[in-house]
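Single-structure report; data block below.
Letters A, B, ... mirror the listed sequences (proteins, then strands); counts begin at 1. Just so we're clear, the structure is a prediction, and the values are computed from it rather than from any experiment.
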Amino acid sequence: MTVRVRLAPSPTGNLHIGTARTAIFNWLYARRHGGTFILRIEDTDQERSRDAFTQNILDGLAWLSITYDEGPYFQTQRRDRYVQGVHQLLERGLAYYCYCSEAELEEMRAIQKAQKLAPRYDNRHRHLTPEQRQAYEAEGRRPVIRFKIEEPREIRWHDLVRDHVVWNSRDLGGDMVIARVEASGELGLPLYNFAVVVDDIDMQISHVIRGEDHIANTAKQILLYEALGVTPPTFAHPPLILNAQGAKISKRDGATSVSEFRSLGYLPEAFNNYMILLGWSPSDGQELFSIADAAQHFDFDRVNAAGARFDWDKLNWLNGQYIRALTVSELGDRLQPFWQQAGIDIAAYPDSWQQELTALIAPSLTVLADAPKVATTFFVDYPEYPPDIWESLGSEVVRVALTALVEVLKTRDTLTAAEANDLVQAQVAAQKVKKGAIMKPLRLALTAEPHGTELMPTLALLHQRQLAIPRLEKVLSHL
RNA sequence: GCCCCUAUCGUCUAGAGGCCUAGGACACAUCCCUUUCACGGAUGCGACACGGGUUCGAAUCCCGUUAGGGGUACCA
């Protein structure tokens, strides 16, 4: 069978990580089976849909290298197909006009709730006589189209993630609205569940892979497939991504959209890898792999049915792994936007200096956005020396060492890390002290920090920018 | 409220009746490397939610309880 899958995001928000993971699962399945991956934008909610969100979704998928083979299709451009479908159901008596007002429905639900019953539509307009309909029309009521749901009725399907799923039609909330009617009396845009089914039929979708939150929709949609005389596709409902507390992940949890992860400095490779790991594992236990690697083995057999909590620690670790696997020049390229964002014109420095800096800070990076902070000392004339720092540097050994260092540095334009090390070793030998007795104060003198990147390359890079001598002289003037 | 789904270390997971005194990864702790932080290496800590069955034997199968999640729209 030809595999045709689709991602069907609605442009009512930025590309959500849950949608991204669904996208990855679809993509993997398509690649694994030599199938087709289709992108369809479900923009039938005209109140909430925005073009900017569509763009964000497209950009996010591109950033993640989730390429689609068909689309994007837009539901708003397929209105005729839905209208046809609704007419088909209407003609065959499988759907009908309902004239209930918002207020009537609300009242009905309030009564049901008071009686501790599940809120549902009671199908009251299912058998309206032509006279009743005319009366409502005369009142100026605008109807909706409802699809008849027979009750009771067991709806069963085989789910690739959770095996057998059974749903009773009486738990579906009564006859469902599938389309609105416009003021002109013409059929308007369809509602979600109907549009999805029409599209999936037209696009010959073979496997519907979407989040667990759609399970109840699947039951409704299967009924629609039957009414339209089409065999339903295969379904797969992977679980949702949960936050650290085990609840549905939300904006309060730090970041929920792919674009946020991007600006936080996560690598798309790391993000993808983490998303797959959240719910799926390869049989060989491998943890670091690309989506292309995963596509070789991906199967729903190994997708967990339980929700997975989002763990920043592990994502951070993965990101670090990917950062360190990058070549220096590749990392340099990826860092560009983050230097820029921090107001650092990195291009103003010699290539070799940039490369050395990049290599130096690489082990300290968890996310790309860490770079400006880690490298901050290289982009100021002097670090901020705390007032009490002179005291801790006030030994004869330090004064002699720094003085000697300044002397030598003044005689050379360039300096490598190895040469810097030789200079320090010379002082260690001359003064017969431990290396730390010079390294620690030297770090403090150079950066005003007790911790930081490797000192010898740091000194070399500072000197190449003529920053080392002035700093040391400033320190010496206080000793 | 009602319906559905789920349940192995703190987290992500391996495990498809005996291979399990339950394996890996992250996190954490200790040690090593190192001037420091980080990186890297090593070791350690740490779980089958509970109660009943089924079976010679259950993390694995069944039932119940509990807990968590999802759904319950003229949103998608």
Side-chain angles (χ1 to χ4, degrees), chain A residues 8-13 19 42-45 47-49 75 98 100-102 105 109 112-121 142-146 159 161-162 165-168 170-173 176-181 188 191-193 195-196 210-217 219 237 239-240 242 244-248 274 277-288 301-302 304-318 320-321 323-324 361-366 370 374 424 434-444 447 449-456:
Chain A
S10 65
T12 54
T19 310
E42 311 220 318
D43 54 353
T44 52
D45 184 343
E47 301 276 297
R48 301 189 301 150
S49 294
Q75 289 190 320
C98 166
C100 290
S101 67
E102 197 73 50
L105 293 175
R109 286 189 206 109
Q112 288 162 341
K113 202 176 172 186
Q115 293 175 179
K116 300 215 176 225
L117 294 170
R120 51 169 293 140
Y121 174 61
R142 210 198 290 188
V144 294
I145 311 297
R146 282 186 188 270
D159 193 287
V161 175
R162 33 204 97 228
V165 182
V166 185
W167 209 281
N168 197 304
R170 99 192 126 205
D171 297 320
L172 257 23
M176 61 191 267
V177 177
I178 55 172
R180 297 194 182 93
V181 173
L191 257 36
Y192 173 72
N193 276 305
V196 165
R210 69 208 339 179
E212 187 187 5
D213 49 336
H214 283 283
I215 289 189
N217 288 328
H237 293 95
L240 269 21
L242 276 21
Q245 288 69 243
K248 191 176 184 177
Y274 183 64
L277 237 28
L278 221 48
W280 181 78
S281 59
S283 55
D284 61 5
Q286 184 74 29
E287 300 230 331
L288 285 152
D301 290 357
R302 299 186 68 83
N304 264 298
R309 297 182 196 217
F310 188 91
D311 182 14
W312 286 94
D313 283 334
K314 186 131 187 185
L315 205 218
N316 285 337
W317 173 77
L318 268 171
Q321 295 298 310
I323 285 179
R324 265 155 244 130
I361 65 173
S364 304
L365 303 179
T366 296
D370 287 341
V374 170
V424 169
K434 287 193 295 183
K435 199 177 178 190
I438 291 177
M439 292 290 268
K440 289 182 190 191
L442 177 58
R443 172 182 296 285
L444 223 42
T447 68
E449 296 286 341
H451 305 301
T453 51
E454 270 193 85
L455 191 54
M456 293 301 99

_Between B:C48 and B:C39, how many Å separate the two C1' atoms, rounded to a whole number?_
35 Å
*Base, sugar-phosphate alone, or nothing: which one does A:Gly173 contact when heavy atoms must sit under 4.0 Å apart?*
nothing
_So A:Arg48, base contact, sugar-phosphate only, or nothing? Heavy-atom distance under 4.0 Å._
base
*Which part of the nucleic acid, if any, lies within reach of A:Glu42 when heavy atoms closer than 4.0 Å are counted: base, sugar-phosphate only, or nothing?*
sugar-phosphate
*Counting any heavy atom closer than 4.0 Å, what does A:Lys248 reach on the DNA or RNA strands: base, sugar-phosphate only, or nothing?*
sugar-phosphate
*Position toward the 5' end of RNA chain B (nearest nucleotide), A:Met456 or A:Ala305*: A:Ala305
*Write down the atom of A:Arg120, the atom of A:Arg170, and the distance for their closest heavy-atom approach.*
NH1-O, 3.1 Å
*Considering non-hydrogen atoms only, spot the tightest contact between A:Ser364 and A:Thr453 and give its length.*
OG-CG2, 4.3 Å
*Take atom P in B:A27 and the same atom in B:G40, then report the distance between them in whole Å.*
9 Å
*How about A:Asn168 and A:Val166: do any of their side-chain heavy atoms sit closer than 4.5 Å?*
no
*Leading and trailing nucleotides of RNA chain B with any atom under 4.0 Å from heavy atoms of chain A*: B:G1 to B:A76
*Have a look at A:Arg302 and say if it touches a base, only the backbone sugar-phosphate, or nothing, with a 4.0 Å heavy-atom cut-off.*
sugar-phosphate
*Please measure how far the C1' atom in B:U34 lies from the corresponding atom in B:C20, and state the result in whole Å.*
40 Å
*asked:* Regarding A:Gly320, tell me which of base, sugar-phosphate or nothing describes its non-hydrogen contacts under 4.0 Å with the strands shown.
replied: nothing
*Using the P atom as the reference point in each nucleotide, state the distance between B:C26 and B:A42 in Å, no decimals.*
10 Å
_Taking any heavy-atom pair under 4.0 Å as a contact, classify A:Cys98: base, sugar-phosphate, or nothing._
nothing
_Counterpart base for B:G1, defined by Watson-Crick or G-U wobble contacts under 3.5 Å_ = B:U72
*Would you indicate what A:His214 reaches in the nucleic acid, counting non-hydrogen atoms under 4.0 angstrom: base, sugar-phosphate, or nothing?*
base
_What contact category does A:Ala118 fall into here, base, sugar-phosphate, or nothing, at under 4.0 angstrom with non-hydrogen atoms?_
base
*Taking atom C1' in both B:G69 and B:C31, what distance in whole Å separates the two?*
42 Å
*asked:* Pairing check on B:A22: which nucleotide meets the Watson-Crick or G-U wobble criteria with it, both distances under 3.5 Å?
replied: none
_Classify A:Leu278 by what it touches in the nucleic acid, base, sugar-phosphate, or nothing, heavy-atom distance under 4.0 Å._
sugar-phosphate
*Tell me what A:Ser281 touches on the nucleic acid: a base, only sugar-phosphate, or nothing, going by heavy atoms under 4.0 Å.*
sugar-phosphate
_Looking at every non-hydrogen atom in both residues, tell me the closest pair between A:Gly436 and A:Pro441 and how far apart they are._
O-CD, 3.6 Å
*Report the base-pairing partner of B:A7 (Watson-Crick or G-U wobble, both distances below 3.5 angstrom), or none.*
B:U66
_ring pair (Phe, Tyr, Trp, His ring centres under 6.0 Å) against A:Tyr192, all qualifying residues, sequence neighbours excluded_ = A:His214
*Indicate the atoms forming the closest heavy-atom contact of A:Arg146 with A:Cys98, along with that distance.*
NE-SG, 3.3 Å
*May I ask which nucleotide in the shown strands pairs with B:C61, Watson-Crick or G-U wobble, both distances under 3.5 Å?*
B:G53
_My understanding is that a pair needs two contacts under 3.5 Å, Watson-Crick or G-U wobble. By that rule, which nucleotide pairs with B:U43?_
B:A29
*Select base, sugar-phosphate, or nothing to describe what A:Arg142 touches, counting heavy atoms under 4.0 Å on all strands.*
nothing
*Can you name the nearest heavy-atom pair linking A:Thr366 to A:Ile323, along with the distance?*
O-CD1, 3.6 Å
_Over all strands shown, is A:Arg324 touching base, sugar-phosphate only, or nothing at heavy-atom distances under 4.0 angstrom?_
sugar-phosphate
_On RNA chain B, does the nearest nucleotide to A:Ser364 precede the nearest nucleotide to A:Arg162 from the 5' side, or the other way round? Give the residue._
A:Arg162
*List in chain and number order the residues that pass salt bridge (Lys or Arg N to Asp or Glu O under 4.0 Å) with A:Arg162, two or more places apart in sequence or in another chain; answer none if no residue qualifies.*
A:Glu212
*Inter-nucleotide P distance (B:A14, B:U6), Å rounded*: 15 Å
*So what does A:Ala244 touch, heavy atoms closer than 4.0 Å: a base, only the sugar-phosphate, or nothing?*
nothing
_If I pick the C1' atom on B:A49 and the same atom on B:G68, what distance separates them, to the nearest angstrom?_
11 Å
_G-U wobble or Watson-Crick pairing nucleotide for B:A38 (cut-off 3.5 Å, both distances)_ = none
*Could you work out the separation of B:G17 and B:C12 based on their C1' atoms and round it to a whole Å?*
26 Å
*asked:* Show the nearest heavy-atom pair for residues A:Cys100 and A:Leu105, with the distance to one decimal.
replied: CB-CD2, 3.8 Å
